[in-house]
Amino acid sequence: MALGQNYLNAECDVSILILLSIRRSNKILTKTRPTRIQADFIVVEPGRILPGGQLLVSDQRIVEVVEDSRIEPDLLLNGQTVLPGLINSHTHLEFSDLTEPFQASGSFPEWISTVVQHRRRHAQSLSSDQLEQRRRETLLRGMIECAQSGTSVLVDIATEPWQLREAIELIHNFDAHRTTPNCGSLNQAGRNVDDLILPAVIALPEMIGLDEARFSHTLQWAQSLIESFGKEMLGDRVLSVGYSPHAPYSLIHPHALDHFKYLDRSLPVAMHVAESLDELEWAEHGRGSFREVYQRIGLPADSPRMQIDQAIDLLAEFDRPLLIHGNYLTEQQLDRIAQGRIAIVYCPRTHQHFRHQPYPVDMILERGIPLLLGTDSRASTPDLSVWEECRTAS
């Protein structure tokens with residue numbers, strides 16, 4: 001599983017955990033010469049761990065990993081292990097204001113309805129300016145929480161009013177002043193925001209296709225974010241912007257697949273696929289709890305449905321595709337995925353929250369399919385710690 005960045009895969013930023021140790025030891029990373037840091041163990045990459053190894057750091061960048069530790073270090077981290085920054089391959093930062101997950105005792109569409117109601121409550125009770133400010137604060141809150149558990153890069157499924165310029169401005173203000181509103185319990189266990197480097201973001205605006213108006217709006221919004229990023233390059237904290245066609249069950253607009261043919265194939269893309277048995281019942285037979293919900297809200301329950309195989313084929317056309325969850329993929333579908341460039345993202349604690357059938361880890365890995373880890377959101381997991389996802393997956 002891909003747990004973090006490889007130190008030797010070009011220069012990379014100093015791990016958050018290293019910086020915490022340096023600052024608490026009153027050590028300074030100088031620009032005049034590299035700082036030599038030694039720990040009991042340095043995890044270079046999965047399968048390669050250096051006991052007593054050293055890192056050479058210059059201008060807050062790791063420039064070399066040293067196996068031979070006979071040279072006196074500038075900073076000795078006794079009893080500590082240094083890891084690369086972790087990567088959260090799937091999250092929804094917009095729900096970072098929740099204090100506990102929504103219960104998942106009913107059908108999957110019922111849980112989704114709870115999520116939608118949460119969004120609508122804020123939209124109805126706040127002015128547009130207040131809503132945007134709340135979402136910006138929630139975004140930052142989630143990024144702070146991710147940083148505190150060692151995450152250096154995250155993939156966020158973005159929804160309106162998420163805007164690149166405002167997000168970058170918020171992050172830069174945090175970097176400059178170390179101030180953020182409403183952090184609440186985030187500063188726990190003696191962790192202060194002064195210690196943190198916020199993770200870089202890969203932003204994937206979400207596209208919903210329940211009807212033509214909604215689909216057109218979210219598609220245009222996604223394209224506007226991509227164009228603004230390409231034209232203005234809003235800073236190194238947003239690494240890339242791509243697409244997130246949400247899921248087969250939320251893309252029932254009959255022309256959705258036609259529009260996706262014109263998307264830029266070089267951009268990252270993510271889709272929730274084969275997430276629940278309710279989804280399979282709907283996709284394969286057009287019945288079950290999804291049909292009941294669509295009929296209740298007046299959507300065309302008998303229109304053509306995107307199949308799981310179609311979703312896989314769509315993702316396979318892109319250069320950097322992520323298939324999110326994949327809890328109920330068949331062996332034939334995994335064979336198809338293995339033929340392309342698709343990576344699967346596993347969210348272990350969300351998987352437990354919904355009491356899904358055992359996750360097909362072995363079937364995925366034996367086919368050589370990249371398997372990444374994500375936290376999903378606080379709507380389905382208690383926190384945004386990738387490290388806890390690692391522990392759960394093991």
Side-chain angles (χ1 to χ4, degrees), residues 90 92 101-120 157 159 204 206-216 218-219 243-260 269-316 321-334 336-337 342 344-347 350-360 376-377 379-380:
H90 176 68
H92 298 255
F102 294 129
Q103 292 186 358
S105 55
S107 69
F108 187 58
E110 289 174 338
W111 181 85
I112 294 174
S113 297
T114 304
V115 173
V116 172
Q117 291 168 8
H118 172 77
R119 284 175 175 164
R120 286 178 176 170
I157 306 300
T159 56
L204 305 181
E206 184 176 80
M207 292 174 284
I208 301 289
L210 294 177
D211 55 60
E212 183 173 2
R214 177 75 182 278
F215 177 72
S216 297
T218 56
L219 178 60
Y243 304 98
S244 180
H246 177 249
Y249 60 80
S250 62
L251 291 166
I252 63 174
H253 176 50
H255 302 301
L257 278 174
D258 294 335
H259 285 281
F260 293 144
V269 63
M271 180 186 286
H272 304 71
V273 179
E275 187 172 357
S276 69
L277 292 175
D278 294 299
E279 177 186 348
L280 299 191
E281 180 77 358
W282 162 255
E284 294 175 10
H285 307 291
R287 62 186 184 224
S289 53
F290 272 107
R291 182 181 182 87
E292 294 170 4
V293 169
Y294 291 157
Q295 288 180 323
R296 187 166 64 246
I297 62 179
L299 291 175
D302 293 314
S303 61
R305 301 177 302 278
M306 183 186 295
Q307 300 299 303
I308 302 302
D309 289 341
Q310 287 180 295
I312 293 171
D313 288 342
L314 172 64
L315 289 172
L322 298 176
L323 189 153
I324 311 301
H325 299 305
N327 299 321
Y328 295 99
L329 294 167
T330 66
E331 291 198 43
Q332 292 75 20
Q333 288 164 346
L334 289 173
R336 170 71 182 94
I337 291 169
I342 301 173
I344 296 178
V345 181
Y346 174 32
C347 302
T350 291
H351 191 272
Q352 286 186 348
H353 183 67
F354 287 100
R355 295 181 287 279
H356 290 304
Q357 295 175 11
Y359 196 76
D376 213 329
S377 76
S380 61

Are the side chains of I112 and F290 in touch, meaning some heavy atoms are under 4.5 Å apart? yes
Side-chain donor/acceptor of E279 to backbone N/O of E275, under 3.5 Å: yes
Can you name the residues that form a side chain to side chain contact (heavy atoms under 4.5 Å, CB included) with R305, not counting sequence neighbours? W282, Q307
When rounded to the nearest 0.5 angstrom, what distance separates CE in M271 from CD in E206? 11.0 Å
Between N327 (side chain only) and S276 (backbone N and O only), is there a donor and an acceptor less than 3.5 Å apart? no
Is it true that a side-chain atom of S216 and a backbone atom of A213 form a donor plus acceptor pair closer than 3.5 Å? no
Look only at the side chain of S244 and the backbone of L204, and say whether a donor-acceptor pair between them is shorter than 3.5 Å. no
Pair H325-T350, side-chain contact (heavy atoms from CB on, under 4.5 Å): steps then yes or no: CA-CA 9 Å; H325 299 305; T350 291; 4.3 Å; yes
State, with a plain yes or no, whether a side-chain heavy atom of I344 is found less than 4.5 Å away from one of L334. yes
Derivation and outcome, side-chain contact (heavy atoms from CB on, under 4.5 Å), residues T159 and R119: CA-CA 10 Å; T159 56; R119 284 175 175 164; 3.6 Å; yes
Tell me every residue that passes ring-ring contact (aromatic ring centres under 6.0 Å, His included) with H92, counting only those two or more places apart in sequence or in another chain. H90, H272
Check against side-chain contact (heavy atoms from CB on, under 4.5 Å), I308 and T330: CA-CA 10 Å; I308 302 302; T330 66; over 6 Å; no
Kindly give the heavy-atom pair with the smallest separation between W111 and Q103, and that separation in Å. CD1-O, 3.2 Å
May I have the step-by-step check of side-chain contact (heavy atoms from CB on, under 4.5 Å) for I157 and I324, ending in yes or no? CA-CA 11 Å; I157 306 300; I324 311 301; 5.7 Å; no
What I'd like to find out is whether the side chain of D278 reaches to under 4.5 Å of the side chain of P109, using heavy atoms alone. yes
Restricting to non-hydrogen atoms, name the atom on V115 and the atom on A379 that form the minimum distance, rounded to 0.1 Å. CG2-CB, 4.4 Å
Across all chains, not counting sequence neighbours, the ring-ring contact (aromatic ring centres under 6.0 Å, His included) partners of Y328 are H356
Taken in chain and number order and not counting sequence neighbours, the residues that satisfy ring-ring contact (aromatic ring centres under 6.0 Å, His included) with F102 are H118
For A283 and M306, which heavy atoms make the closest approach, and how far apart are they? CB-O, 4.0 Å
So, taking the atom named CG in L315 and the one named CD1 in I337, what distance separates them when rounded to the nearest 0.5 Å? 8.5 Å
With sequence neighbours left out, the residues meeting side chain to side chain contact (heavy atoms under 4.5 Å, CB included) with E110 are S107
Atom pair CG (L329) and CG (D309), whose distance is rounded to the nearest 0.5 Å: 9.5 Å
Flag the pair S289 / F108 as yes when at least one side-chain heavy-atom distance between them is below 4.5 Å, and no otherwise. no
Separation between CD1 of I312 and CD of Q332, rounded to the nearest 0.5 Å: 10.5 Å
Under the side chain to side chain contact (heavy atoms under 4.5 Å, CB included) rule, collect the residues that match up with E281, sequence neighbours excluded. H285, R287
How many angstroms lie between atom CE of M207 and atom CG of L251, to the nearest 0.5 angstrom? 8.0 Å
Distance-only, no hydrogens or angles: does the D376 side chain make a donor-acceptor pair with backbone N or O of C347 under 3.5 Å? no
Which atoms form the tightest heavy-atom contact between A104 and R355, and what is the distance? O-NH2, 3.2 Å
